[in-house]
Amino acid sequence: MSDLNLLYKQAILEHNRNPRNFGKPDAWTHHAEGLNAICGDLVEVYLTIKDGVLEAVHFDGESCAIATASASMMTEVTTGLSVAQWQARFAQFKQMMDKRSQDQTFAELGQVSTLVTVKKFPSRIKSATLCWYAVDAAIHGRPTATTE
Amino acid sequence: MSDLNLLYKQAILEHNRNPRNFGKPDAWTHHAEGLNAICGDLVEVYLTIKDGVLEAVHFDGESCAIATASASMMTEVTTGLSVAQWQARFAQFKQMMDKRSQDQTFAELGQVSTLVTVKKFPSRIKSATLCWYAVDAAIHGRPTATTE
Amino acid sequence: MLRDQFPGLNNQVHGKPLVYLDNAATAQRPLAVLDAVNGYYLHHNANIHRGVHAMSESATELYEQARGSLARLINAPSPKDLIFVRGCTEGVNLVAQTFVRSRLKAGDEILISHLEHHSNIVPWQILCEQTGAVLKVIPMNEQGELVLDDLDRLLNARTKFMSVVHISNSLGTINPVKKLIKAAHDQGVPILVDGAQAAPHIKVDVQDLDCDFYTVSGHKMYGPTGSGVLYGKAEHLNAMPPYQGGGEMISKVTFESTVYNAVPAKFEAGTPNIAGGIGLGAAAEFMLSVGLERIEQRDHELRIYTEQALQQVDGLRIIGTAAQKSPVFSFVIDGVHAHDIGTIIDHYGVAVRTGHHCTMPIFQFFGLAGSCRASLAFYNTEQEVDVLVESLLKAKAMFA
Amino acid sequence: MLRDQFPGLNNQVHGKPLVYLDNAATAQRPLAVLDAVNGYYLHHNANIHRGVHAMSESATELYEQARGSLARLINAPSPKDLIFVRGCTEGVNLVAQTFVRSRLKAGDEILISHLEHHSNIVPWQILCEQTGAVLKVIPMNEQGELVLDDLDRLLNARTKFMSVVHISNSLGTINPVKKLIKAAHDQGVPILVDGAQAAPHIKVDVQDLDCDFYTVSGHKMYGPTGSGVLYGKAEHLNAMPPYQGGGEMISKVTFESTVYNAVPAKFEAGTPNIAGGIGLGAAAEFMLSVGLERIEQRDHELRIYTEQALQQVDGLRIIGTAAQKSPVFSFVIDGVHAHDIGTIIDHYGVAVRTGHHCTMPIFQFFGLAGSCRASLAFYNTEQEVDVLVESLLKAKAMFA
Ligand SMILES: Cc1ncc(COP(=O)(O)O)c(C=O)c1O
Ligand SMILES: Cc1ncc(COP(=O)(O)O)c(C=O)c1O
């Protein structure tokens, strides 16, 4: 079952157990939900954007360990970024998680890079990417992101 | 090719070459067309019914040898019948041509009985029955009969 | 052994023998079905209905024999009352658009139940949008059973059509459809029954039920994908306008006007899934030869066994505990998301489904995003249920 | 040899080797297609899209790979621009109901041609009945070619949609679709091309054509029955409402409202014909591996040979003598009805179609009830054409 341990690494299990920035904050400026119809993952993201900076990034919802850990890691890496910087990180993340790409990681993504092993489980890639698409939707004023 | 000769018997080829009561008459009281969408057979029947008797039965149209011969034979056997008698002949004819029935023929059907061998060619049964359904439609005032 | 008839069950997954418990999504097919499909392609490969040549004739005969087999399986008065469709989804859409649409005006009501699959919700929502009609829903209780106390109010003078699922694909609940059909008819309301999950599991008798329409999916009853059947009472089918236009459904076409063909051809525009229909006929014959009593008996044994076996998993909660139930088990486990369970037990060879199973309203009721669902068929074994339980214990351990 | 790939060609009919010349009705399928269908049932038998388990994943992957193969075959910009349908008939109906219907008001016009198959006539007649729009027809000449002199008048401000056949199934005429598409676009009119008979025979490039929609039938291009593809420009597909409602085409359902899924899922409600789609992908790959140039070349040779060979039959008249033509031969013989010809030559093993070939208006034009049609594919041989001719001479002799 070494494959399974690659997916459910300690870092992921730990973030799943103790998700950072989890829970609906008292106030926010942008919000969206991310839906993964395949598995019933639901992630809600709440952003506070001031002067073009993501001052706070929170999430909640009911989702699997991969989606929860990914969201938790994402909030840590993206809080404090400018929207432009966020877009750059999102682009790197998408590239990293692209099924067709090499297993390339990016230093800027920090612990998020550990998610690269999820690519071994194609049906779970969408769990990992859900929260990022939800933030993108929130920034663009769309209420819902669905993983294709 | 003895099978083929069973289908295209001399009687059928002869009626096909010289169909009786063929052509649109000058006057009629009842008319219907019979359509066999599968093969493009078209038979038009023209009846003169007076006091409940089929005084004249004509047909024309463009149809295959089986349909033409069947119509030709039908006109010969049914001219002069009362409508009730015609219904009885039609019932016998349907029974004779029923795929599931034995190869039973009826004296009242005269030469029409030779069509029983058409049952060996299931796709051609509808050619043989077309004109009968057209007459039935005409008697009942329906403009079109289609073979099911 | 019956199980040997299903070659798909012999697969290995991640080096483990497959334990296929995703039958409600799609079933495995017996050799008889694969042979029928291949037999068509190898020996009767022709289009149907329109040919005089030998293969076209034999293909037509096989296709129409299949219709006859399905009529026997569900005891339809005549094979002509059956329309070949892609599956239940198409069956419901066809009825919505051709039978119901023209009967609706704004404010009229369509009645469904809380247990419906999306396929028996969305077509009615689309229809409501098109006509201004309103969708009404028979509620359900914590056991996942329909609550019929208010049925008198829900079935009223505004109700123009009713559509209910026979067996829930998510919870396994077997609905009292005969009673519902009677109640609908007492109000003069025609009713469709979605038999997607019933046909593979129980004896269906459309004449005894007296439903107006009944629809089944071939791929769930051990037949080919892309096949299915819609039964309708002849009086309805004869009166309905066609669904799709095209070849085969007409008897005469000019640019000015067109004469439609008789039922069922009227509803089967274009070249149908010939191989699929023939394969579905073989599936019906296979089920008849196994015997519905035997299937029902085996379902019952497996249901009892699984219900008890799952109690070995601490923190596992079964969603849907109806008294009348098919061997379908939706469950959640404390602290482990369904999706993670699915991935982990897959590595032990166990195929289950996770998520909302196309029944989001059911999970909204239970306040859940989804569940893990193990759905059994008569060819499953108690040993397979044991593997499921072991693998669930391992998933729990991983997240402990 | 290529021909060996088609097991259906090895059949005997009435004790004679089958001479299959009914390809326009449905083609034979290569082993690669049968293997793909069986491979799914044997090794990847699961439902797609909604599963986390291994077989569901591999089934999904095979299904989406098939979409990719078809996109390559017709050079679509993206596999997402392709919707799996039952066949051309469903493709046309889908476009009529979801793209065109909402654009029409009474008095608007839809333009088709005199060469259309019923599948590209009846859906528009139904739509006209639903909306009060009017059907207009591009006329044809004695050769079976479209007459475009009046196109400027036929394509006018009232024209809201155009739909034309690429290659006529009855006469073999290859229409100048690129020119027609340009003419339609010059008037701002969107256009659908019915590629049922084109896809099996010629290189189709939807981007070069620039058509708005293009539809093909799987069973005519050496794929399974019940399969097909509708290509649409992404801007259209994204804007169109769904066709059928059900599972898989939604992303969120409540009883109050529903959010539709992205294209192409939005148009693929319910469980699709999974085996059919995968088999169709294999057919596309097979055609690409044979090479469209080679297929076109062989078609050309067979057309020339057959045209000359048929001249040996006294009193035989070919209906449809367009300059640009596929190897399809509709003909009548003096004194022998088409239906009788069909029956007689069947006894010599020759499979042709007789009747109106679902193109009644074409035969109304020629004042005929129907014809005999021999339609060839690249796997046919000159020897088979010779058998056809001999059998026709025998039919004539029988009626002499
Ligand atoms: C030109 C043409 N269009 C449309 C169709 C309809 O295709 P299908 O029957 O596969 O839906 C056909 C097939 O007969 C055809 O030849
Ligand atoms: C209860 C129920 N109804 C309808 C459907 C839809 O069937 P299909 O996807 O075969 O069209 C399903 C299958 O998921 C089902 O389980």
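Computed from heavy atoms alone, side chains included, the values below leave out hydrogens, waters and symmetry copies. Since this is a predicted model, take the numbers as computed values, not measurements. The chains referred to below are lettered A, B, ... by the order of the sequence lines, with proteins before strands, and numbering in each begins at 1.
- If you take OG1 on D:T343 and CG on B:D3, they are separated by 11.5 Å, rounding to the nearest 0.5 Å.
- Residues of residues 10-25 of chain B placed with any heavy atom under 4.5 Å of a heavy atom in chain D are listed by number as B:L13, B:N16, B:R17.
- Across every non-hydrogen atom of B:S127 and D:H339, the tightest pair is OG-CE1, 3.2 Å.
- When heavy atoms are compared at a cutoff of 4.5 Å, D:A395 does not approach chain B at all.
- Here B:L4 contributes atom CG and D:K394 contributes atom NZ; the two are 11.0 Å apart, rounded to the nearest 0.5 Å.
- Under a cut-off of 6.0 angstrom, the local environment of NZ in D:K136 is sparse, with at most 12 non-hydrogen atoms contributed by other residues, nucleotides or ligands.
- In this pair, D:H347 and B:F121 present their aromatic rings tilted. The plane angle is within the 30 to 60° band.
- The shortest heavy-atom contact between D:D340 and B:A65 is OD2-N, 2.5 Å.
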query = Can you check side chain to side chain contact (heavy atoms under 4.5 Å, CB included) on B:I66 and D:H337, steps first, answer last?
reply = CA-CA 10 Å; B:I66 309 299; D:H337 190 274; over 6 Å; no
